[in-house]
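One structure is given below, encoded as structure tokens.
Here is how names work: the chains are called A, B, and so on, in the same order as the sequence lines, proteins then strands, and each is numbered from 1.
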Number of protein chains: 2
Amino acid sequence: MTDKTKKKATIYDLSVISGISPSTVSAVLNGTWRKRRIKEATAELIQKLAEEHGYSANLQARGLRSSRSGLVGLLLPVHDNRYFSSMAQYFEAQVRSTGQCPIVVSACRDPDEEHQIVESLISYSIDELLIAGATDPDGVHDICERAGLKHVNIDLPGSKAPSVVTDNYEGGRLLTQALIERMREQGPVAPDELHLFGGRDDHASRERIRAFRDVKRAMLGGDPDSCIQPTGYSPGNTAHAFEAFHARHGRLPRGFFVNSSINLEGLMRFLAQHPQEAFADIVVGCFDYDPFASFLPFPLFMIRQDAEAMITKGLSILSTTRPPIMTHLVAPTLVPPRTALIGPLDALKDPDAVHSVL
Amino acid sequence: MTDKTKKKATIYDLSVISGISPSTVSAVLNGTWRKRRIKEATAELIQKLAEEHGYSANLQARGLRSSRSGLVGLLLPVHDNRYFSSMAQYFEAQVRSTGQCPIVVSACRDPDEEHQIVESLISYSIDELLIAGATDPDGVHDICERAGLKHVNIDLPGSKAPSVVTDNYEGGRLLTQALIERMREQGPVAPDELHLFGGRDDHASRERIRAFRDVKRAMLGGDPDSCIQPTGYSPGNTAHAFEAFHARHGRLPRGFFVNSSINLEGLMRFLAQHPQEAFADIVVGCFDYDPFASFLPFPLFMIRQDAEAMITKGLSILSTTRPPIMTHLVAPTLVPPRTALIGPLDALKDPDAVHSVL
DNA sequence: CTTTTTTGCGCAATCGATGGTGCAATAACC
DNA sequence: GGTTATTGCACCATCGATTGCGCAAAAAAG
């Protein structure tokens, strides 16, 4: 405002115009001035000046000196997904409320990307890191360890750092059970009428598949291997799997468990190619919640993972001194078809909304 | 690896163990060594050493010296939304491919938050900023301007910096027209049978509403004010608007235009409260694309905004020397019901996918 | 064998903030 | 009034990398 100069004011600028030493200015502006026995009047003077000149600390300089940066990272597999983007949303709010700066990045489920990105975050001296859904959590751990960076795994556990993950077995159990019960409303269910699509060889998929098989064996008396198709986390591959099944059997399975909302997008691609009748009587489960998917024109049971609780727990572990290396389970919930849950966006105020129309 | 020390190696460490001066080490490791006429052998030696000791530059130090940071920011209204999260996805990929570090933050559509967050990004000396969907683009501009930070508006235009936005009028026109044509398949359409919900007093909403009204007047011969309900970008408020309409008329409008996927979530909340029959014959348009929403059990026309093109254009403007202050329009596309488009995630490789099952 | 040119690299200041140490001036005490 | 305590603040090294400048040794030119 008062300064037309293109560059930001520094403590030296304030020092010159106030005739007070830079170290005193620094102390005043970073809040340590009482400890340094600076007179209240001096502090007020400097604060006023800083205000007038729009001073704000150069955080790179501060970070260099203190080898901390005030940055807290969240490493995601992908942004473009309601589960992970809601994590990002909660993460931002919580980190910002501690006065730190959240920085969210995605590594596309590529281990090399994960490593590179973490290295680069370390180069920026980030203070803490939440590693969500990493393909190689232990590899990332080693990198963090070497740099002395505090970190926690979220969503997919690692063996070398504390982890916070959904109780995937329980979620898988809830979902499979709900599917079978719903299918039984249409008549008896044979073991080969309930399939599973999607997921890969990671902890979450394994647990979900284990639950799926356990429940099938207990409730249906059987569990053929051919009912499991881990197509990876790719909409395209999942769509192919549905097409292949349909080509072979002339229809989709009566019931199936889709391992994530990303795989569920594969189902949408299949649907786009087929008339509504092709799936008039299917019952579907999806391990993820999406508000639109919940209203699709077939019964769709969803599992809502508690992203908020996981972020909260993860951050609280980070603020613990020497957290034990263990895996914390967070309970997911079964969401029946046609359910609209509220999400992180509901916490936002919207002052411009026009209410009068009601 | 070779070093057990907890701290990262610096150019000084490498200088000591190699007997070569820090400045030479620095030059070698930042690539300016040819310009400084360093012997090739020396360079190789240092590079080998750096490799062995897992050296990576302290970017805070570099940033301090050069008053650049290698960080490029994307300021979003919210993460938890397919439109913005796909922007984030494209943004990350594109920025990373230039060797810079993307940093994505959200400001919750709160002007104060926007200002604060931008101030803090500036404190980290970020090099460039994409401002997406800002509530107060010109306010943010002033802050950037003062700090000499290059910036571009995306999605919502500002008057003081270059902007890249969807052609909202054209999108609104396409959508309204598609709605009316579809409604006419069921019989003649009266002006008060087509409504609009959602949006607030921003450029995008105004343009969409203008198109909506123009098309209604042209095609239906009328355009009552009572058909427009800008409920803000809040699922809750939107749901209330639907409930209120339903309470008054005993049904939803035959056709309606929903201003964003966030408002569409409000419709889901309404649906959850009512039996399927309550909306057997509605025709809906939504200004945003979501792959699941597209398959909802009623005709839902969607507008897909070209996030990728907007990011690309925005970044290219940032790399221009003195870009003119103008608004670039990006054409959106009309997406008919039951369409599964591919998105940014399809660019990802997925090595672990099991294809054999096909 | 000089003189000039080129090669190769080191010196030292700098970016902005932090914090340990030390030194006056003032206040408190006997 | 002289001595000790306290208050208030300045000095300066430091964090790690960058970069203009300059100097010695080697090479080329004369």
Quiz question: going by heavy-atom distance under 3.5 Å, is there a donor-acceptor pair between the base of D:dC11 and the side chain of A:Ser21?
no

Verify the contact: side-chain N or O of A:Thr24 to OP1 or OP2 of D:dA10, cut-off strictly under 4.0 Å; return yes or no.
yes

B:Lys39 atom NZ is separated from D:dA27 atom P, nearest whole Å, by 10 Å

Quick check for you: among C:dA17, C:dG8, D:dA10, whose closest atom lies nearest to any side-chain atom of A:Thr10?
C:dA17

Whole angstrom value for the distance that separates P of D:dC23 from CZ of B:Arg37
14 Å

For A:Thr42, answer base if it contacts any base atom (sugar-phosphate contacts may also be present), sugar-phosphate if it contacts only those atoms, and nothing otherwise; contact means non-hydrogen atoms under 4.0 Å.
sugar-phosphate

Short N-O contact, A:Glu52 and A:Lys48, less than 4.0 angstrom
yes

Hey, which sits more toward the 5' end of DNA chain C by its nearest nucleotide, A:Pro22 or B:Ile38?
B:Ile38

Minimum heavy-atom separation for A:Leu71 to B:Tyr124, with atom names?
CD2-CZ, 3.6 Å

Return the value, rounded to whole Å, for the distance between atom CZ of A:Arg36 and atom C1' of C:dT21.
9 Å

Between residues 60-73 of chain A and DNA chain D, which residues have a heavy-atom gap below 4.0 Å?
A:Leu64, A:Arg65

When the distance from OH of A:Tyr124 to C1' of D:dG16 is rounded to whole Å, what number comes out?
15 Å

Exactly one of B:Asp142, B:Asp138, B:Asp136 should register a salt bridge (Lys or Arg N to Asp or Glu O under 4.0 Å) with B:Lys160. Which one does?
B:Asp142

So, A:Asn81 versus A:Tyr233: side-chain donor-acceptor pair below 3.5 Å or not?
no

Indicate yes or no for a side-chain donor-acceptor contact from B:Ser163 to the backbone of B:Ala161 under 3.5 Å, with no hydrogens or angles considered.
yes

Rounding to a whole Å, what distance do you find between B:Ile20:CD1 and D:dA17:C1'?
17 Å

Run the side-chain contact (heavy atoms from CB on, under 4.5 Å) test on A:Arg96 and B:Ile117 for me, step by step, so that the C-alpha distance in whole Å, both residues' side-chain angles and the decisive distance to 0.1 Å come before the verdict.
CA-CA 10 Å; A:Arg96 236 181 260 292; B:Ile117 290 177; 3.4 Å; yes

Terminal helix-axis angle for the helix from C:dC1-D:dG30 to C:dC30-D:dG1, with five pairs defining each axis and rounding to 10 degrees
50°

Establish, with yes or no, whether the OP1 or OP2 oxygen of D:dA17 is under 4.0 angstrom from a side-chain nitrogen or oxygen of B:Asn30.
no

If I take atom OH in residue A:Tyr12 and atom P in nucleotide C:dT14, what distance separates them, rounded to the nearest angstrom?
11 Å

What are the two closest non-hydrogen atoms of A:Asp13 and A:Lys8, and how far apart are they?
OD2-O, 3.9 Å

Between CG of B:Leu45 and P of C:dC9 the distance, given in whole Å, is 10 Å

Give a yes or no answer on whether the side chain of B:Glu114 reaches the backbone of B:Thr135 with a donor-acceptor pair at less than 3.5 Å.
yes

Show your working on side-chain contact (heavy atoms from CB on, under 4.5 Å) between A:His79 and A:Val104 and close with a plain yes or no.
CA-CA 9 Å; A:His79 276 109; A:Val104 182; 3.7 Å; yes

When the distance from CD1 of A:Ile11 to P of D:dC12 is rounded to whole Å, what number comes out?
15 Å

